[in-house]
Amino acid sequence: MDEQPERRLILVSNRLPYQLHEKKDKVILRQSDGGLVTALKSYFESTSQKSFSQKLWVGSADFPERRWQKFLSQPSEGGYFGVEPLFIEPKTYNKYYNGFCNATLWPLFHYFTSYVIYDEDSFRKYAEVNELFAEKLLAIAKPGDVIWIHDYQLFLVPALIREQLPDATIGFFLHIPFPSYEIFRLLHRKWKEGIISGMLGADLIGFHTHEYAQHFLKTVRMVLGHDHQYRGIEFGNRMVKVDLFPLGIDYDQFHGATQNENTIKLRDTIQKNFDDQRIIFSVDRLDYTKGVTHRLEGFERFLEKYPEWREKVVFILVVVPSRQIISKYNERRKLIEEQVGRINGKHSTLQWQPIIYRYSHVPFDELCALYQVADVGLITPLRDGMNLVAKEYVASRIGQRGVLILSELAGAASELGEALLVNPMDEDELSDAINEALTMPLPLQRHKIALMQKRLVDYDVCDWVDDFLRQLAEVKEQQQIQEMKFITPALARNIIADFKAASHRNLFLDYDGTLVPFARHPREASPGKELIQLLHDLTSDERTTVTIISGRESTILEEWFRELPVNMVAEHGASIKQIGGDWIHEEKVDQSWKPMIRPTLELFAQRCPGSFVEEKNLTLAWHYRNVERDLGFIRSRELLDSLYHLVRNANLQVIDGNKVIEVRVAGVDKGVAATKLLGSNNVDFMLVVGDDKTDEDMFRALAQKAVTVKVGSGHTQAKFCLPSQQDVIHFLNRLVQ
Ligand code: GDG
């Protein structure tokens, strides 16, 4: 029996979730609390996941290399994840991390555009560190490995690996928001292109919400011009999938903490201290995105607007130190502390202080105790990719009591709809929400918390990991199926050899998107000299018959190709001209349907700037190639819907083509036309090439006899694919060489 290839999972994040502590003569490796590493560990422990023979973690180290060497020289204890540290020169790391990552990307992606620092050198260092990560990965990666890269610090890594390992399996997950294109476009052009093509090196790109995924898809189109279909982007010869994976928490860890002895003790102490007061609680890393100063203003407004709550409520505000080197963070700390001092100074009485402020990290048990005692969780970031604190608060509620007030600008808001959702900038709304939370009847609290808890159980962090890794495997499978269709050099050689050996060859070639690229307007896509020469070379061998088979009108085909000895098929088969003959138009074709359809198409052309109606002899077409993509897509679906109603009882067909919707008489298609042209001719080599839905009729009709080739990837009846229109020309040129 064949041995299964080794399958390893390699996780990649900016910082390694491990620290090295030196105790006496021994160096001890300690895994960080919480975060992704605990989540992944519990995933692999809780499921019967045996799919990975080994798990490695690559990240930068916050310990010196010397200590690592000492650790390696000790007898190995074998941790859960193999640890692969990167030692980055501190100055470079500083420019990369505190510079481009956290003074450029972080503020921009959180919509703090005025905080963004544009510094070419920081970007260079960012690129340099991304290259170091890629080098490290390339040194350890083996065939079969699954590489999962995390977050905005490593945007360039997927493409750097892909360049060297075209077959690698690479996933990328972004933990922060992906902003709207109007924000993203503010980056320098080179940075924008680098980031987007860097990410597209992955096979699967995950975001927390649908909105971020949509922003990304639009940005890909605006920056690199690549469209998507059902969240799949054709990039090079791969289909890259984009999807949402809202990160969950380790529900059992937080819910289970309600039974933890130490947590219970801490909870009792806090409850005793604030015996007769209701508790409002928040915890955030120190960050201007977390909305702490606005939250404090909202709380003060609440004290003023609802004075009956004075001395009956306390706000426990925990701020956890973070990114202390960056000036914006220090400024923020000062602002928060001044504000806390001012509010406490103004509103405290001898027995009561409205805000208990703490600026430090809180041990896990204490954090859980705080979640459990808080009547209200007040989580109001100005922007947040997800916000796990909100989910942890919900999971920690005993007896399903408690109210979550949540910013509508946190990713978590799209899942926690039962929370009191607020605009975090609006102090009045915040103050009213606090009052509403404190007066919410218990049955309603329970109803809301129960619904949210159920959702958190149903998609916890293990489901998240599972979902991502499963989809990554599926994308890879799809790519492989697709790849099997791509014409390999060996297959190309065989096809060319068959062509050369044949004495009667027939080529059916679609025009737009196959022989020429698409233009803004159909008239502009005329054949260039090189194409005419190529067709001339092909047809100069009398063994070869070429048919240009198109949706275009006969007049234009005549104008472009009349000098060439080729068959022409216009309007998908409604008009045919054989070499040396005249145009024969489908006789029975009735035109009386046009006045019924035309007004609808014209109405859509008016409603959709950039679109236009083309009237051909036997076809009416609505083109939307030049329309803003999202609008074009929506309008095209609406038009299809209207047309299906209109043609219901008529002998017409509606074709949803490539940025065009066409209506024409039923029973005419490229498959019927090609079969008609072939007649009973004895042909021993046949090649059919096309890119559009209308070409599928030919692929189907000639499946048994022909080498059928679709331009681009995606679902097709064709046997083979070529990645692009240019590849078709290259391939046809090889036939005549
Ligand atoms: C980024 C995105 C996204 C915090 N203080 C203490 C402590 N924590 C733990 C919390 C929670 C985590 O840290 C914070 O996660 P958040 O999601 O709230 O925020 P970010 O750190 O900004 O994380 C964010 C996240 O990535 C995941 O994708 O949700 O949007 O910005 O788990 O419990 N834990 C302990 N003591 C503390 O003082 N023990």
Side-chain angles (χ1 to χ4, degrees), residues 11 13-15 17 31-40 42 101-102 105-112 148-153 172-179 206-209 211-212 244-251 253-255 257 260 262-263 266 281-292 316-323 329 332 357-372 374 377-396 404 406-407 409-416 424 456 459-461 464-465 468:
L11 288 143
S13 62
N14 168 50
R15 265 289 183 230
Q31 183 191 301
S32 318
D33 297 340
L36 205 57
V37 65
T38 324
L40 284 154
S42 38
C101 291
N102 289 325
L105 293 176
W106 179 272
L108 189 82
F109 278 50
H110 288 86
Y111 294 70
F112 282 76
W148 189 2
I149 301 163
H150 289 265
D151 231 358
Y152 64 102
Q153 299 91 350
F172 182 89
F173 187 81
L174 184 67
H175 289 261
I176 65 173
F178 195 94
F207 298 93
H208 283 304
T209 72
E211 201 182 25
Y212 307 156
L244 47 138
F245 303 87
L247 178 55
I249 54 163
D250 185 343
Y251 185 86
Q253 191 190 20
F254 286 91
H255 201 66
N260 175 299
N262 200 25
T263 307
L266 289 161
F281 174 60
S282 75
V283 54
D284 316 79
R285 268 188 317 98
L286 174 69
D287 203 305
Y288 46 82
T289 61
K290 298 290 180 181
V292 177
I316 302 179
L317 172 70
V318 176
V319 175
V320 183
S322 165
R323 303 178 193 166
Y329 286 72
R332 186 60 36 177
Y357 168 69
R358 178 163 166 189
Y359 178 72
S360 72
H361 180 266
V362 183
F364 182 73
D365 289 349
E366 199 176 334
L367 177 70
C368 292
L370 284 161
Y371 282 148
Q372 289 169 27
L378 185 57
I379 318 294
T380 57
L382 301 181
R383 288 280 166 182
D384 216 334
M386 171 53 76
N387 195 299
L388 297 178
V389 167
K391 293 186 168 182
E392 292 165 2
Y393 171 73
V394 170
S396 306
L404 171 67
L406 178 62
S407 160
L409 300 177
S414 56
E415 288 169 274
L416 303 177
L456 296 180
Y459 195 86
D460 70 359
V461 70
W464 178 78
V465 177
F468 190 91

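In what follows, every heavy atom counts, from backbone to side chain, and hydrogens, waters and symmetry copies are set aside. Just follow the structure's listing: the first ligand is 1, and inside any ligand the first atom is 1. Note that the structure is predicted; figures quoted are calculated from it, not measured.
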Please determine which of Tyr212, Phe178, Trp464 meets the ring-ring contact (aromatic ring centres under 6.0 Å, His included) test together with Phe173.
Trp464

For Tyr459, enumerate each residue passing the ring-ring contact (aromatic ring centres under 6.0 Å, His included) test, keeping only those at least two apart in sequence or located in another chain.
none

Below 4.0 Å from any atom of ligand 1, which residues have a heavy atom? Give them in chain and number order, please.
Trp106, His175, His208, Leu247, Val283, Arg285, Lys290, Val320, His361, Val362, Phe364, Leu367, Tyr371, Asp384, Gly385, Met386, Asn387, Leu388, Val389, Glu392

Hey, are Arg323 and Tyr329 close enough side-chain-wise for a donor-acceptor pair under 3.5 Å?
yes

Restricting to non-hydrogen atoms, name the atom on Cys368 and the atom on Thr263 that form the minimum distance, rounded to 0.1 Å.
CB-CG2, 3.8 Å

Heavy-atom check, side chain of Asp284 versus side chain of Val320, under 4.5 Å
no

Looking only at side-chain N and O atoms, does Asn387 offer a donor or acceptor that is under 3.5 Å from a partner on Tyr393?
no

